[in-house]
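Since the structure is predicted, the reported quantities are computational estimates derived from the model, not experimental observations.
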Amino acid sequence: MIHFTQNKEVFMTTDVKIWARVLQNLEYEKIAYETKTMNSGTNGRSSETLWGEVGENQTFTSIYHVYVEKKDFFKANYVVEKSVKALIQ
């Protein structure tokens, strides 16, 4: 487990497929990570009305953050770049 004061954000995305690939590659490289997910959409908020959800693209309503220990940041950053480039090409 990574302590909050010892970690640094290495990646953020709204695409769950890219997020999953990044995590898979970090695990393969044995880099410890922590994730946080934030919901930026109206889905599931009791204070919002149905009208707030009309036309909302549910694909991009979650924001996925990946954190690693500061000592692993540069290695993790390299792994993230390779992961994203492989999916984009």
Test log, rule side chain to side chain contact (heavy atoms under 4.5 Å, CB included), inputs Lys70 and Asn7: CA-CA 5 Å; Lys70 290 178 184 177; Asn7 63 9; over 6 Å; no

CA sep, side-chain torsions, deciding dist, call: Val66, Leu23, side chain to side chain contact (heavy atoms under 4.5 Å, CB included): CA-CA 8 Å; Val66 180; Leu23 297 185; 3.9 Å; yes

CA sep, side-chain torsions, deciding dist, call: Lys36, Tyr67, side chain to side chain contact (heavy atoms under 4.5 Å, CB included): CA-CA 8 Å; Lys36 293 184 183 171; Tyr67 300 89; 3.9 Å; yes

Exercise answer: donor-acceptor pairs, residues 75-88 side-chain atoms, under 3.5 Å, sequence neighbours excluded:
| unit_1 | atom_1 | unit_2 | atom_2 | d |
| --- | --- | --- | --- | --- |
| Asn77 | ND2 | Glu81 | OE2 | 3.4 |
| Ser83 | OG | Asn25 | ND2 | 2.6 |
| Ser83 | OG | Val79 | O | 2.8 |

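For the atom pair Leu26 CG and Ile31 CD1, the distance stands at 5.0 Å (nearest 0.5 Å). Of the inter-residue distances, the one linking Asp15 atom CG with Tyr64 atom OH reads 8.5 Å to the nearest 0.5 angstrom.
Residue Val10 forms a side-chain contact (heavy atoms from CB on, under 4.5 Å) with just one option from Phe74, Tyr33, Phe73, and that option is Phe73.
Listed by chain and residue number, nothing satisfies the side chain to side chain donor-acceptor pair (under 3.5 Å) test with Glu29 (two or more places apart in sequence, or in another chain).
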